[in-house]
Amino acid sequence: LKKTLISVSDMQPTVNRMVNRLSASIDQIGAFQKDISSKQFHRETSNLGGPVKYVRRFGEIIDFSIVKGWLAFIFFVRNEIGKIFLMLLLIIACTIFLLNIKASLKRQNFLEKDSREQCVLKYPILSAVVIVFNVFQFAFIDPPFVFTVQIWIISGLSLSFILKNVVAKYWFRAWLILFLLFLLACFDGMILQASRPERWMMLAISLAG
């Protein structure tokens, strides 16, 4: 017990320094947020054809964004593991519910294989993913963009499989083009520092849209 008490006493200054450092960092983040809010309607960058104020390799910006995005994602998932588990349980419950409806319609000979109105029942798991993800995403308070994007992408891919043989080929191609532009916009949104290549990319995506 004496050794433990001495060990705890030795650790206390280290813990205090860590707490002070975290408090200082939180205060600094608050100051940065206030500063950004006060400059909300001020320009941060020059014209696309104008002089470049700060130069940084685009690859370095991408690497920086990946590292920070991954850290934010892991931190958020660890803190919200209960809600994520609940979301998975709801997907399972919704899938079972849709399968029961499908079985019931099949018993009554109301199930139509190529019916557009029953396309949700054709892929019950994918339909459950779309339903639960799009509703349950609002249960997460202030999630990082990288987490929200993954929910949107999984929902979009699931919806693509559901619509594949339901809508006309013309509209399905239109959907795929819009979804591709959406993916590019998501990729652009995850780049955390402004740069000339990214701004040209934003312009290209806007014109393509």
Side-chain angles (χ1 to χ4, degrees), residues 1-45 53-97 125-126 128-158 182-195 197-199:
L1 285 173
K2 283 182 180 179
K3 285 182 179 179
T4 305
L5 288 171
I6 292 168
S7 177
V8 170
S9 299
D10 290 341
M11 287 175 63
Q12 191 64 45
T14 305
V15 173
N16 289 338
R17 283 196 299 272
M18 191 180 293
V19 170
N20 291 334
R21 196 158 58 243
L22 287 171
S23 298
S25 298
I26 291 169
D27 292 339
Q28 192 177 23
I29 289 169
F32 285 150
Q33 288 175 335
K34 286 181 181 178
D35 185 52
I36 291 171
S37 297
S38 65
K39 297 177 181 177
Q40 190 170 359
F41 298 103
H42 296 169
R43 287 192 65 168
E44 296 179 352
T45 54
K53 292 182 180 180
Y54 307 104
V55 179
R56 191 174 185 181
R57 284 192 313 106
F58 190 61
E60 188 179 339
I61 294 173
I62 295 293
D63 292 339
F64 171 80
S65 300
I66 289 172
V67 171
K68 290 206 75 174
W70 178 248
L71 285 172
F73 177 77
I74 293 297
F75 182 79
F76 184 79
V77 167
R78 285 180 178 175
N79 278 277
E80 299 289 346
I81 193 69
K83 287 183 181 179
I84 293 171
F85 184 69
L86 176 60
M87 184 170 65
L88 295 176
L89 287 178
L90 286 173
I91 290 173
I92 294 170
C94 189
T95 302
I96 294 170
F97 176 71
I125 297 176
L126 297 179
V129 167
V130 173
I131 293 166
V132 174
F133 272 22
N134 282 280
V135 174
F136 201 83
Q137 63 175 317
F138 300 105
F140 296 103
I141 307 300
D142 198 21
F145 185 63
V146 64
F147 180 83
T148 307
V149 160
Q150 291 195 41
I151 288 179
W152 292 343
I153 290 174
I154 293 170
S155 298
L157 290 173
S158 301
F182 165 75
L183 292 178
L184 292 172
C186 287
F187 170 74
D188 183 80
M190 286 189 285
I191 299 174
L192 299 179
Q193 291 185 342
S195 64
E198 187 224 358
R199 294 175 66 199

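All of these numbers come straight from a predicted model, not from anything done at the bench.
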Name all residues meeting the side-chain contact (heavy atoms from CB on, under 4.5 Å) criterion together with L157; count only those two or more places apart in sequence or in a different chain, and write none if there are none.
-> I153, F179

Heavy-atom closest contact (I62 atom, F187 atom, distance) | CD1-CZ, 3.9 Å

Nearest-0.5 Å distance that lies between atom CD in Q150 and atom SG in C186 = 10.5 Å

Pairwise salt bridge (Lys or Arg N to Asp or Glu O under 4.0 Å) hits with a residue in residues 10-23, at least two apart = none

Residues forming a side-chain contact (heavy atoms from CB on, under 4.5 Å) with N134, sequence neighbours excluded = V130, Q137, S155

Could you state the interatomic distance from CD1 (I151) to CD1 (I84), rounded to the nearest 0.5 Å?
-> 8.0 Å

Tell me, do F136 and I91 make a side-chain contact under 4.5 Å, heavy atoms counted?
-> no

Can you name the salt bridge (Lys or Arg N to Asp or Glu O under 4.0 Å) partners of D27, sequence neighbours left out?
-> none

Would you call the rings of F140 and F147 parallel, tilted or perpendicular, where under 30° means parallel and over 60° means perpendicular?
-> perpendicular

Heavy atoms of other groups near F75 CZ, more than 12 under 6.0 Å = no

Not counting sequence neighbours, which residues clear side-chain hydrogen bond (donor to acceptor under 3.5 Å, both in side chains) with E60? List them please.
-> R56

Taking all non-hydrogen atoms of both residues into account, name the closest pair between P144 and A72 and its distance.
-> CG-O, 3.9 Å

Could you tell me which residues satisfy ring pair (Phe, Tyr, Trp, His ring centres under 6.0 Å) with F133, sequence neighbours excluded, listed by chain and number?
-> none

All side-chain contact (heavy atoms from CB on, under 4.5 Å) counterparts of K39, not counting sequence neighbours = D35, H42

side-chain hydrogen bond (donor to acceptor under 3.5 Å, both in side chains) with W70: which residues, sequence neighbours excluded?
-> none

How about L86: does its CG atom have over 12 heavy atoms from other parts shown lying under 6.0 Å from it?
-> yes

Tell me, please, which residues at least two apart from K34 pass salt bridge (Lys or Arg N to Asp or Glu O under 4.0 Å).
-> none

How long is the span from the CD1 atom in I125 to the CD1 atom in I96, to the nearest 0.5 Å?
-> 10.5 Å

Counterpart residues, side-chain hydrogen bond (donor to acceptor under 3.5 Å, both in side chains), relative to N16 (two or more places apart) | Q12

Value rounded to 0.5 Å, distance of CD1 in I74 from CG in N79 | 11.5 Å

Look up atom CG in D188 and atom CG in L183, then write down how far apart they are to the nearest 0.5 Å.
-> 12.5 Å

Tell me, please, which residues at least two apart from K83 pass salt bridge (Lys or Arg N to Asp or Glu O under 4.0 Å).
-> E80

Can you list the residues that meet the side-chain hydrogen bond (donor to acceptor under 3.5 Å, both in side chains) rule with Q33, with sequence neighbours excluded?
-> none

Does a sphere of radius 6.0 Å around CZ in F58 hold more than 12 heavy atoms from other residues, nucleotides or ligands, not counting ones at 6.0 Å or beyond?
-> yes

Hey, what do you get for OG (S65) to CD1 (I191), rounding to the nearest 0.5 Å?
-> 6.0 Å

